[in-house]
Amino acid sequence: MALIRKLIREFLWLLSEIEAHFSDPNDVLYFRRLYFRWQKVKHHKILWVGRGLRLLHPENLVLGKRCAFGDFVQISNHASIVIGDDFIGSTGLHINSGTHDSITLEPKLLPIQIGHRVWCGINVTILAGVTIGDDVILGAGSVVCHDIPSNSIAVGVPAKVIKPLVRDLSKPLWTWTL
């Protein structure tokens, strides 16, 4: 039975990768959502994931409403990863909730919490145990190894807040036109 489940999972992953290859961000990805359901990823209807997705333990992943991920995203979710609504993760995003104790090298599994309206630039890395607040922009190439407060723009290695993010709440956020 385990072999059949594995074959079905791999077949759904292959179909979802083909679908992502020929789709645009406004397209509804039927096979990607089916693959996520099969893998027990908690998600909403509006979801877009590019090519080359890698999930380690999908059952530990919870996605909010209107999440989008670019190509070649890797989510190593040893512990839970919760991502809020209106999330955008660009190409090369890597989220890893596993680490090691620096003295003993003992593995540690630390959850990651990402708030609402977070945008991650190209090649952002988010490490274990981090909490990212609401309304945050993470600049391209940033490595997030400490908590980032709400309403901020953070960049660098390690990521540091460089200025506050002030959004005009009277203007709606961009969204899909389904």
Side-chain angles (χ1 to χ4, degrees), residues 20 24-27 29 32 36 41-58 60-102 108-178:
D24 292 318
N26 280 336
D27 293 346
L29 300 181
R32 186 67 85 191
F36 272 31
V41 172
K42 295 170 186 73
H43 65 90
H44 290 269
K45 185 176 181 179
I46 300 176
L47 169 74
W48 197 87
V49 181
R51 299 168 293 160
L53 170 71
R54 293 287 178 222
L55 294 175
L56 186 60
H57 296 290
N60 289 337
L61 181 60
V62 177
L63 302 175
K65 298 174 186 171
R66 298 171 302 275
C67 287
F69 297 90
D71 294 336
F72 309 110
V73 168
Q74 184 169 337
I75 300 176
S76 302
N77 44 339
H78 305 279
S80 72
I81 296 175
V82 178
I83 298 175
D85 299 343
D86 299 306
F87 175 84
I88 301 174
S90 296
T91 297
L93 174 67
H94 188 176
I95 305 173
N96 188 349
S97 63
T99 187
H100 292 85
D101 182 271
S102 59
K108 294 183 353 184
L109 311 177
L110 302 172
I112 295 173
Q113 180 76 37
I114 300 174
H116 303 297
R117 298 169 304 280
V118 173
W119 172 28
C120 299
I122 292 174
N123 294 326
V124 166
T125 300
I126 300 172
L127 299 177
V130 167
T131 297
I132 299 171
D134 296 338
D135 298 297
V136 171
I137 295 175
L138 301 171
S142 295
V143 176
V144 182
C145 53
H146 300 289
D147 293 354
I148 303 293
S150 294
N151 303 305
S152 59
I153 299 173
V155 299
V157 180
K160 293 181 181 162
V161 175
I162 58 166
K163 67 181 184 177
L165 175 62
V166 180
R167 285 201 166 117
D168 182 352
L169 299 178
S170 68
K171 293 183 180 180
L173 291 174
W174 168 87
T175 188
W176 281 278
T177 53
L178 298 175

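Of all heavy-atom pairs between I148 and A154, the closest is CD1-CB, 3.9 Å. P164 and I153 make their closest contact through O-CD1, 4.3 Å (heavy atoms, listed as atom of the first residue, atom of the second, distance). Scanning all heavy atoms of the two residues, the minimum distance from S90 to G121 falls at CB-C, 3.5 Å. Annotation for A79 and N60: closest pair O-CB, 3.8 Å, computed over non-hydrogen atoms. Here the closest non-hydrogen pair linking S152 and V161 is CB-CG1, 3.7 Å.
How far CD of Q113 is from OG of S97: 12.5 Å, rounded to the nearest 0.5 Å. In this structure, I75 CD1 and N96 CG are separated by 11.0 Å, a value rounded to the nearest 0.5 Å. Here CG of N77 is found 10.5 Å from CG of L109. Values are rounded to the nearest 0.5 Å. One finds the CG atom of D86 at 9.5 Å from the CD1 atom of I46 (value rounded to the nearest 0.5 Å). To the nearest 0.5 Å, atoms NE2 (H78) and NZ (K108) are separated by 14.0 Å. With rounding to the nearest 0.5 angstrom, the CZ atom of R66 is 5.5 Å from the CG atom of D85.
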Side-chain donor-acceptor pairs under 3.5 Å in residues 131-140, sequence neighbours left out?
{"residue": "D134", "atom": "OD1", "partner": "H116", "partner atom": "N", "Å": "2.8"}
{"residue": "D135", "atom": "OD1", "partner": "R117", "partner atom": "NE", "Å": "2.7"}
{"residue": "D135", "atom": "OD1", "partner": "R167", "partner atom": "NH1", "Å": "2.6"}
{"residue": "D135", "atom": "OD2", "partner": "R117", "partner atom": "NE", "Å": "3.3"}
{"residue": "D135", "atom": "OD2", "partner": "R117", "partner atom": "NH2", "Å": "3.0"}

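By the side-chain contact (heavy atoms from CB on, under 4.5 Å) test, L63 pairs with F36, V41, H43, L47, L61, C67, F69, I83, sequence neighbours left out.
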Practice item. In sequence, state the C-alpha distance, the side-chain angles, and the governing distance for I126 and I81, and then conclude on side chain to side chain contact (heavy atoms under 4.5 Å, CB included). Key: CA-CA 11 Å; I126 300 172; I81 296 175; over 6 Å; no

Exercise for review: Take L93 and F87 through the test side chain to side chain contact (heavy atoms under 4.5 Å, CB included) and record every step on the way to the result.
Suggested key: CA-CA 12 Å; L93 174 67; F87 175 84; 3.8 Å; yes

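Within 6.0 Å of NE2 in H44 there are more than 12 heavy atoms belonging to other residues, nucleotides or ligands.
Taking 4.5 Å as the limit, every side-chain heavy atom of T99 sits out of range of all side-chain heavy atoms of L127.
Using modelled atom types, one side-chain atom of S142 and one backbone atom of G156 make a donor-acceptor pair closer than 3.5 Å. No donor-acceptor pair under 3.5 Å is formed between the side chain of D71 and the backbone N or O of G50.
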